[in-house]
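Below, chain A is the first sequence line, B the second, and so on; all start at residue 1.
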Amino acid sequence: MKSLRVELNEGRTTYRPGGELKGRVVWTAAEIPETLQVSLLWFTKGRGTEDAEIVDQVVLHAPGLSGDRAFSFRLPLSPYSFSGRLISLLWVVEAVLREPEEIARQEIILSPSGEEIDLTGMP
Amino acid sequence: MRAKDNPFCTECLNGLDFRFFGADTHSLLDELERRGMRGAIVGPHGSGKTTLMERLRNTLTKRGWNVRFCRMDDRSRSLPANFLIRRPGPGELLCIDGIDLLPAWDRVRLRRASRTAGGLLVTAHRGGSLPTLYRCGTSKTLLRDLIGELLSGQRSVISPDLDTLYDRYGGNLREVFLHLYDLWGRT
């Protein structure tokens, strides 16, 4: 049975800017994959055009039919996770197995307060 | 309401499946093949041309085509400098979303390049020299169907008059969805 999941150490989902994010990706593929890519990225969600940036990435070639691999990323100082009425910025750790493509994501919060910055109250 | 929770956010709209009338992806691609891999998706603003092109593009890539894609919009009205820097080969399909916005000189370059490419697929507001592969259109029924999908499982906190919205924006569903985004965002 195929599966792909991202697990963050200690089950953490909130991080401070500049901190370290550690976790592991666990997979069982239906067919032998060519690559396994683990990315740290942010993307926007809301009204109009979306934006995204991959901040860091680890690529494994010929990862094997199943496995368990640790990863770590140094988190940048910005941008912070935030939500307004028009736009939200979200951070995720994303694992992608190819081919065939399987994707697993784990959302995190990146902010000095440990909480998403709420801008919905702003005019 | 936070942007990420708004059911009319761009990500949610991009997840909507294209609603065909009298065709499907495979019959459309069969038709494209019959026409020498040259065709145009035609329709007014906000009628789903880009959504359909995305769907066809993905299927063509899975079928082994090397798709060279470019989207025109108000911010980008010319082909990127490197788009045709390398002559396209027979295994490559040129896809242009919004060919109407291209200036004449870029159209000439594109026409020349398409002679060596395996095919050319475009979106346009009106038919032109390329055969019309599919004509996109909208209706009030389609609008209700799409909103039903977007709001599935959610309690609707407001009840906009969809018929009036549809008429107000002349059937442009993109504009209707932006209006609904703003409406939901105020809740």
Donor-acceptor list for residues 33-44 of chain A side chains, cut-off 3.5 Å, not counting sequence neighbours:
residue	atom	partner	partner atom	Å
A:Ser39	OG	A:Gln57	NE2	2.9
A:Thr44	OG1	A:Asp51	N	2.8
A:Thr44	OG1	A:Asp51	O	3.4

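Closest heavy-atom contact between B:Ser47 and B:Phe18: O-CE1, 4.5 Å.
Checked by atom type, the side-chain pair B:Ser27/B:Asp24 shows a donor-acceptor distance below 3.5 Å.
With a 4.5 Å cut-off on non-hydrogen atoms, A:Leu90 touches chain B through its side chain but not through its backbone. Proximity to chain A (any heavy atom under 4.5 Å) is shown, for B:Asp73, by neither the backbone nor the side chain. Using a 4.5 Å cut-off between heavy atoms, A:Ser83 touches chain B through its side chain atoms alone.
More than 12 heavy atoms of other residues, nucleotides or ligands sit less than 6.0 Å from atom CD of A:Glu101.
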